[in-house]
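Quick note on labels: first sequence line is chain A, next is B, and so on, each numbered from 1.
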Number of protein chains: 2
Amino acid sequence: MESGKRATMVDVAAAAGVALRTVSRYVNGQTNIAPEIAARIAAAIETLNFRRNSAAASIRPGQRSGLVALITEDIANPFYAAVTGAVESVLRRHGYLLLAASSEEDGGRFADLVERLIERRVDGLIVVPPLDPGPRWAALAREIRALVLLDRPVVTEAAAGTGTPTGTGTPTGTEAPTAPGALRADLVVADDRAGGALATRLLLPAGPRVAFVGDTLALPTLAARHRGHLDALHDAGIHADPALTVAGLRESSTVAAGIGALLDAGAAVDGFFAANNRAALGVLSALAERGLRRPVVGFDDIEGAQLFDPPLTVVRPDLAAMGRTAAELLVERIAGSDRDPVVHVVPVDPVLRRSHLAAPAPARVTGPAAAPPAPATSPPPPAPPTRERDHQ
Amino acid sequence: MESGKRATMVDVAAAAGVALRTVSRYVNGQTNIAPEIAARIAAAIETLNFRRNSAAASIRPGQRSGLVALITEDIANPFYAAVTGAVESVLRRHGYLLLAASSEEDGGRFADLVERLIERRVDGLIVVPPLDPGPRWAALAREIRALVLLDRPVVTEAAAGTGTPTGTGTPTGTEAPTAPGALRADLVVADDRAGGALATRLLLPAGPRVAFVGDTLALPTLAARHRGHLDALHDAGIHADPALTVAGLRESSTVAAGIGALLDAGAAVDGFFAANNRAALGVLSALAERGLRRPVVGFDDIEGAQLFDPPLTVVRPDLAAMGRTAAELLVERIAGSDRDPVVHVVPVDPVLRRSHLAAPAPARVTGPAAAPPAPATSPPPPAPPTRERDHQ
DNA sequence: CTCCGGTGGGATAACGTTATCCGCAGTGTG
DNA sequence: CACACTGCGGATAACGTTATCCCACCGGAG
């Protein structure tokens with residue numbers, strides 16, 4: 001029974017003594033089938049251990065494949081893992097299976113993946129576009145009926161060469177940019193600009209010299225966070241010091257080295273806005289290695305950040321909402337909606353712990369010491385909107 | 001051009017003025033095609049923007065679908081995200097696309113997923129079996145030609161009801177259990193038992209009363225870690241105190257509450273072996289809330305654990321190796337290998353930071369203080385095999 | 001009693017691909 | 001010069017499913 005070929009609908013029909021068409025109707029949940037016939041078919045399916053071949057079914061015209069793909073930069077990254085989990089959850093509820101792939105920030109690999117996914121006839125695609133999606137991407141994107149861009153906008157070269165990023169206007173709500181002739185894709189991003197401004201504002205009480213630390217500003221997300229950072233400085237009447245923007249450092253070790261050099265050079269820095277996870281880990285490492293305390297605010301939460309020394313304050317995008325929204329928009333598109341593309345911006349919320357506060361005392365004490373729960377030296381945080389929620 | 005139906009091989013053949021068969025040969029990379037003909041076909045493909053329909057191709061007998069699925073408990077969990085990343089990387093290199101799904105530890109959902117994946121005719125399947133895979137699993141598993149169990153063995157009810165877990169013998173190498181009539185599946189697990197023993201041994205210098213903290217022991221991984229814990233106690237001539245095994249706590253908040261109660265009751269505990277991530281976070285939270293220091297060792301690393309206060313010592317399974325190995329075994333099976341099932345055990349390595357050491361001084365100092373890089377009070381760690389490597 | 005409408009089921013044609021079976025042409029050798 | 005072999009290309013049959021078309025049958029009504 002278990003060896004040999006699988007049973008097909010023809011086998012089931014023969015075993016049940018009915019026509020192929022009737023089995024197809026039964027399998028597809030039609031109602032107009034006599035109960036007695038239905039029972040015979042059910043018995044035959046059970047006996048033959050029949051499983052409908054959905055690949056065969058999907059090649060018929062007008063049939064969906066039931067497959068959706070998500071291309072991120074790296075699934076192993078907890079940031080994208082959180083998003084992927086939310087995407088998969090929504091899609092499964094809608095009956096889709098999720099193909100997950102990593103572009104590894106490589107335009108060629110990215111295009112190869114998209115091509116293979118088109119060959120697989122995915123019903124829809126959610127992508128985090130790599131920094132340089134490569135020359136083939138613009139043409140490939142047009143072949144995807146349902147497309148959602150996640151986390152980052154992408155510059156569509158096909159858009160009359162104007163170089164206008166798709167929907168990077170004023171991210172302060174749900175809007176429709178309607179760039180004519182451009183990529184017809186929805187966009188789901190975090191409110192990076194507002195988040196960057198928020199993080200910087202949290203640091204300003206400690207002093208005006210707030211440094212921005214992060215990956216290359218060629219990344220739209222990083223650029224937006226930096227713009228928010230500058231917004232906050234400008235609003236506070238502070239002239240931004242270009243020397244305090246430390247960009248282009250990707251790995252946490254590189255960040256640690258860069259910030260270490262900055263500190264060792266005696267740069268005057270009142271606080272650090274670490275614009276992503278790796279930057280935050282790098283800054284904290286550099287500080288810890290030197291036994292220094294400086295206010296730090298990170299972007300995107302880190303598991304166990306409340307146990308850091310000091311507990312790390314972050315501004316946190318709602319990653320589950322990003323994934324959920326992207327999946328829902330995609331499902332809507334697959335269902336045939338031809339509304340104009342939308343830009344959906346998910347909020348970035350502060351999670352106030354202690355690292356954004358000025359160091360209570362620059363004096364150094366020898367030996368690690370257990371701190372009582374609430375040291376009286378730390379002032380209450382300014383207007384706490386979100387306090388440490390235990391997520392997951 | 002972009003509206004309307006996709007071009008098929010027939011269209012390409014017509015446009016190129018050749019036969020369908022010739023286009024098929026060209027697409028499948030056959031060599032016996034005249035260069036001039038090949039050029040005509042290439043031009044036609046380019047013009048018509050033809051993409052081979054791999055779903056249609058895969059329904060032919062003897063053809064692979066090129067799809068492989070991975071079912072974990074929860075993709076959003078960094079533990080499984082790391083594994084998933086490694087799996088995807090290997091599979092992509094072999095030309096497969098990866099379907100990723102979460103069982104959410106629900107046997108029914110798990111069986112539904114497997115059923116849908118069989119309908120999709122996946123070439124192979126890697127699964128982290130849920131705690132209770134449900135009644136349908138045993139039958140479904142036999143329908144999968146290439147199957148690899150990941151992270152946990154599973155009790156196969158079909159195995160003559162003996163209740164012997166598939167390959168949970170002595171996990172100290174690569175072996176073939178060859179349980180007759182049982183599930184023909186490879187198994188890739190971490191060396192949980194050795195890891196548990198190692199973690200406990202790291203804690204013993206601080207005192208004999210080492211607590212085990214973790215999720216339910218019904219989970220094979222947790223049970224193995226606990227067995228290792230008992231091994232280490234036994235080897236040290238210590239009689240294990242059942243009151244020091246705190247199992248069945250799943251969420252970190254629950255763990256924090258449970259350990260908090262234990263501490264508040266004045267239980268004498270010399271150290272904590274936190275048998276998974278959530279347990280570690282819970283134990284550290286409970287300690288931090290009370291301003292207490294106790295030696296702690298976790299199982300599986302946490303991003304930024306070196307920044308915890310104190311830096312968290314863990315024993316770390318090589319998650320990338322787990323994923324890589326599982327994928328490679330699967331690919332080998334898909335290729336037609338009919339060797340006996342193997343159990344592959346990946347090592348668990350210690351990452352020594354400071355939390356496993358006895359608190360240097362029970363005295364409390366007010367206010368968080370910056371510690372110099374190497375406090376003289378902390379003794380050198382016993383036989384350091386792996387020292388803090390900056391991974392990712 | 002007959003006719004008509006409605007319903008359930010049977011034959012059959014796609015869907016886009018691969019593969020088998022040939023035939024034809026070109027070339028090398030006897 | 002003729003025959004045989006090789007090598008490439010054309011018609012055609014699956015693969016397993018869905019859907020269109022149509023007929024047979026049954027009940028109710030005229």
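- Considering only residues two or more places apart in sequence or on other chains, B:Ser58 meets the side-chain hydrogen bond (donor to acceptor under 3.5 Å, both in side chains) condition with none of them.
- Taking the ring pair (Phe, Tyr, Trp, His ring centres under 6.0 Å) definition, one finds that A:Tyr96 meets it with nothing, sequence neighbours left out.
- A:Ala326 pairs by the side chain to side chain contact (heavy atoms under 4.5 Å, CB included) definition with A:Ile126, A:Val148, A:Leu150, A:Val188, not counting sequence neighbours.
- For A:Glu119, there are no side-chain hydrogen bond (donor to acceptor under 3.5 Å, both in side chains) partners, not counting sequence neighbours.
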Report each atom pair, protein N/O against N/O of nucleotides 11-17 of chain C, whose distance is under 3.5 angstrom.
residue: C:dT17; atom: OP1; partner: B:Asn53; partner atom: N; Å: 3.0
residue: C:dT17; atom: OP2; partner: B:Met9; partner atom: N; Å: 2.7

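- With D:dG10, C:dG8, C:dA19 as the candidates, the nucleotide lying closest to the side chain of A:Arg25 is C:dG8.
- Annotation: ring pair (Phe, Tyr, Trp, His ring centres under 6.0 Å) contacts of A:Phe110 (sequence neighbours excluded): A:Trp137.
- The nearest heavy atom of DNA chain D to B:Val18 and to A:Gln63 marks one nucleotide each, and the one closer to the 5' end goes with B:Val18.
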